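Data block below; observations after.
Residues take their numbers from the sequence shown, with the count starting at 1. Computed from a predicted model, the values in this text were never measured in an experiment.
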Amino acid sequence: MRVCREEIISALNAPDFTEYFKKADAMRREAVGDIVHLRAIIEFSNHCFRNCAYCGLNCKNKSLKRYRMEPEEIISCGKEACSAGYKTLVLQSGEDKFYTKEIIGQIVQELTSCGVTVTLSCGERTDDEYAYWRDCGAKRYLLKHETADSNLYADLHPGYTLSERLSCLEAIKKLGYETGSGFMIGLPGECAESIADNIILLDKLDCDMAGIGPFIPHPETEMRNHKAGSVTITQKAVSLIRILRPHMNLPATTALGVRNKEAYTEAFSRGANVLMKKVTPAKYRSLYEIYPTEIKIADIRDERASLCEFIKSLGRIPE
Ligand code: SAH
């Protein structure tokens with residue numbers, strides 16, 4: 001279906017969204033079936049040289065204790081997740097040049113050789129690095145565009161531009177990665193038009209997956225007093241993306257779950273088909289504080305088993 005800006009805007013402004021939610025659920029079932037993909041996420045470093053206005057990891061936050069996992073530690077954590085049953089590992093970090101092209105490449109090689117799919121989410125790097133990691137076996141790359149408004153992008157990311165971010169996404173796509181982008185709900189100046197522009201950008205980039213999460217204020221950032229993003233608008237955006245691009249992988253994002261557990265559960269019947277679970281070792285978990293959240297640590301196998309039960313209770317198939 002062609003993505004039409006006017007239609008997205010009128011859907012978002014509709015007094016009753018029920019039919020869109022239902023349609024998204026039906027289209028999800030028809031296009032990608034009942035499977036919910038479980039992804040294990042390892043947050044391997046909270047060092048970051050960037051200063052994103054919304055993010056708790058930004059380099060101006062001096063109160064955060066910083067950590068870096070050793071490559072061996074990342075590999076063994078990945079193998080543990082793998083043996084617990086996870087088929088995809090997402091390796092995420094702040095923008096941290098400590099991890100060179102070769103270091104990341106070696107981690108990717110080790111993990112892919114165990115038969116697991118590796119998704120990288122380490123921010124903006126060079127085309128050469130993206131190409132090298134692809135050759136090492138990385139299959140997916142996640143880099144959210146955050147906002148399709150170039151002026152807002154420049155305000156939130158001093159010294160950086162949306163066009164640089166989009167060039168990275170284009171390079172990633174060209175290299176044959178399954179490409180993930182996404183944006184936040186609740187950024188300054190949000191309206192139906194800006195959400196439509198974000199959705200259209202995902203389509204233009206020909207994304208294979210998209211993470212849509214509500215903004216959550218972090219007390220150690222300049223956006224500490226800004227209102228959190230709406231969970232209903234987050235669900236609406238996920239539904240519309242499902243309707244417009246039925247084959248995409250769309251997670252019920254962790255941020256949505258932090259804002260509202262029921263809304264998170266509901267997202268699976270409103271277009272979502274992916275669940276991401278943190279498996280970062282306990283001693284680092286609370287330090288990867290993009291936004292404030294309650295930290296629960298459980299045995300990785302037990303946790304996966306209870307997630308599978310949760311998915312089954314929704315009438316869906318965990319994988
Ligand atoms: N450095 C990596 C990972 C960034 S953190 C990168 O640049 O891709 C992962 C995601 O968390 C971001 O893309 C952003 O969309 C989200 N995020 C950051 N701060 C947030 C906040 N305060 N509330 C909600 N989501 C946030």
Side-chain angles (χ1 to χ4, degrees), residues 1-9 11-12 24 27-28 31-32 37 39 50 52 54 88 90-92 95 117-131 133-134 138-154 156-157 160-185 187 190 192-213 215 229 233-234 236-253 255 271-274 276:
M1 196 196 286
R2 275 216 44 74
V3 175
C4 170
R5 188 171 187 267
E6 293 315 312
E7 279 175 58
I8 301 173
I9 294 169
L12 288 166
M27 291 188 74
R28 185 270 308 152
V32 293
H37 302 278
R39 322 278 200 213
R50 292 190 51 158
C52 307
Y54 44 82
T88 294
V90 183
L91 304 183
Q92 193 180 78
E95 297 223 4
T117 297
V118 174
T119 302
L120 291 174
S121 178
C122 327
E124 293 177 35
R125 305 285 292 237
T126 64
D127 292 6
D128 176 57
E129 288 172 307
Y130 292 142
W133 298 335
R134 180 84 185 107
K139 201 164 162 221
R140 307 192 182 110
Y141 204 99
L142 183 57
L143 183 76
K144 299 194 194 181
H145 68 260
E146 316 295 1
T147 167
D149 175 337
S150 55
N151 291 325
L152 177 61
Y153 187 96
L156 297 176
H157 310 93
Y160 297 91
T161 65
L162 178 61
S163 69
E164 290 161 346
R165 193 124 182 126
L166 300 184
S167 314
C168 288
L169 281 160
E170 278 157 20
I172 289 164
K173 183 78 195 176
K174 230 191 225 152
L175 286 163
Y177 282 98
E178 281 180 34
T179 304
S181 190
F183 56 92
M184 271 175 278
I185 294 294
L187 292 180
E190 181 176 81
E193 286 76 6
S194 63
I195 295 169
D197 290 338
N198 275 305
I199 295 176
I200 286 168
L201 182 53
L202 292 176
D203 184 56
K204 207 169 129 211
L205 292 165
D206 194 18
C207 286
D208 304 288
M209 47 186 179
I212 317 300
F215 160 75
I233 298 176
T234 303
K236 288 182 180 180
V238 171
S239 289
L240 288 173
I241 296 165
R242 173 63 69 203
I243 293 168
L244 299 165
R245 293 183 56 96
H247 290 90
M248 272 176 79
N249 279 329
L250 296 172
T253 51
N273 69 326
V274 175
M276 288 163 93

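At a threshold of 4.5 Å between non-hydrogen side-chain atoms, the residues Asp149 and Asp197 do not count as touching. Contact check for Ile172 versus Leu143: side-chain heavy atoms found under the 4.5 Å cut-off. Inter-residue side-chain proximity for Thr147 and Met184 is flagged as unmet; no heavy-atom pair is nearer than 4.5 Å. With contacts defined as side-chain heavy-atom distances shorter than 4.5 Å, the pair Ile195/Ile8 does not qualify. The side-chain heavy atoms of Met248 and Ile241, taken from C-beta on, include a pair separated by under 4.5 Å. Contact annotation: the side chain of Arg242 approaches that of Leu250 to within less than 4.5 Å [non-hydrogen atoms, C-beta and beyond]. Between Arg39 and Thr117, the closest side-chain pair of non-hydrogen atoms is not below 4.5 Å. At a threshold of 4.5 Å between non-hydrogen side-chain atoms, the residues Lys173 and Asp206 count as touching.
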Steps toward side-chain contact (heavy atoms from CB on, under 4.5 Å) verdict (Thr179, Leu205): CA-CA 9 Å; Thr179 304; Leu205 292 165; over 6 Å; no
side-chain contact (heavy atoms from CB on, under 4.5 Å) assessment of Thr88 paired with His37: CA-CA 9 Å; Thr88 294; His37 302 278; over 6 Å; no
Derivation of the side-chain contact (heavy atoms from CB on, under 4.5 Å) call for Leu152 and Glu146: CA-CA 10 Å; Leu152 177 61; Glu146 316 295 1; over 6 Å; no
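Taking CG from Leu201 and CG from Leu162, the interatomic distance works out to 6.5 Å, rounded to the nearest 0.5 Å. With rounding to the nearest 0.5 Å, the separation of CG in Asp127 from CD in Glu129 is 9.5 Å. Taken from OG in Ser181 to CG in Leu166, the straight-line distance is 7.5 Å, to the nearest 0.5 Å. Distance check: Lys236 NZ to Ile185 CD1 gives 10.5 Å after rounding to the nearest 0.5 Å. Separation of atoms CD (Glu124) and CZ (Arg165) is listed at 4.5 Å; rounding is to 0.5 Å. Annotation: the span from Lys139 atom NZ to Thr119 atom OG1 amounts to 9.0 Å, rounded to 0.5 Å.
Relative to the ring axis of Tyr130, Arg125 does not place its NZ or CZ within 45° and under 6.0 Å from the centre. Judged by the 6.0 Å and 45° rule, Arg50 forms a cation-pi pair with Tyr160.
Ser121 contributes a side-chain N or O that, together with a main-chain N or O of Leu142, makes up a donor-acceptor pair within less than 3.5 Å. At distances below 3.5 Å, at least one donor-acceptor pair connects side-chain atoms of Asn198 with backbone N or O atoms of Ser194.
Here the closest non-hydrogen pair linking Gly176 and Arg134 is O-NH2, 3.2 Å. Nearest heavy atom pair, residue Met27 against residue Pro246, reads CE-CG, 3.7 Å. Looking at every heavy atom in both residues, Tyr54 comes nearest to His157 through OH-NE2, 2.7 Å. Annotation for Phe183 and Ile212: closest pair CE2-CD1, 3.4 Å, computed over non-hydrogen atoms. Contact detail for Cys207 and Arg245: the closest heavy-atom pair is O-NH2, 2.8 Å. Taking every heavy atom of both residues into account, Ala131 and Leu175 meet most closely at N-CD1, 3.5 Å.
In this pair, Trp133 and Tyr141 present their aromatic rings parallel. The plane angle is below 30°, not in the 30 to 60° band.
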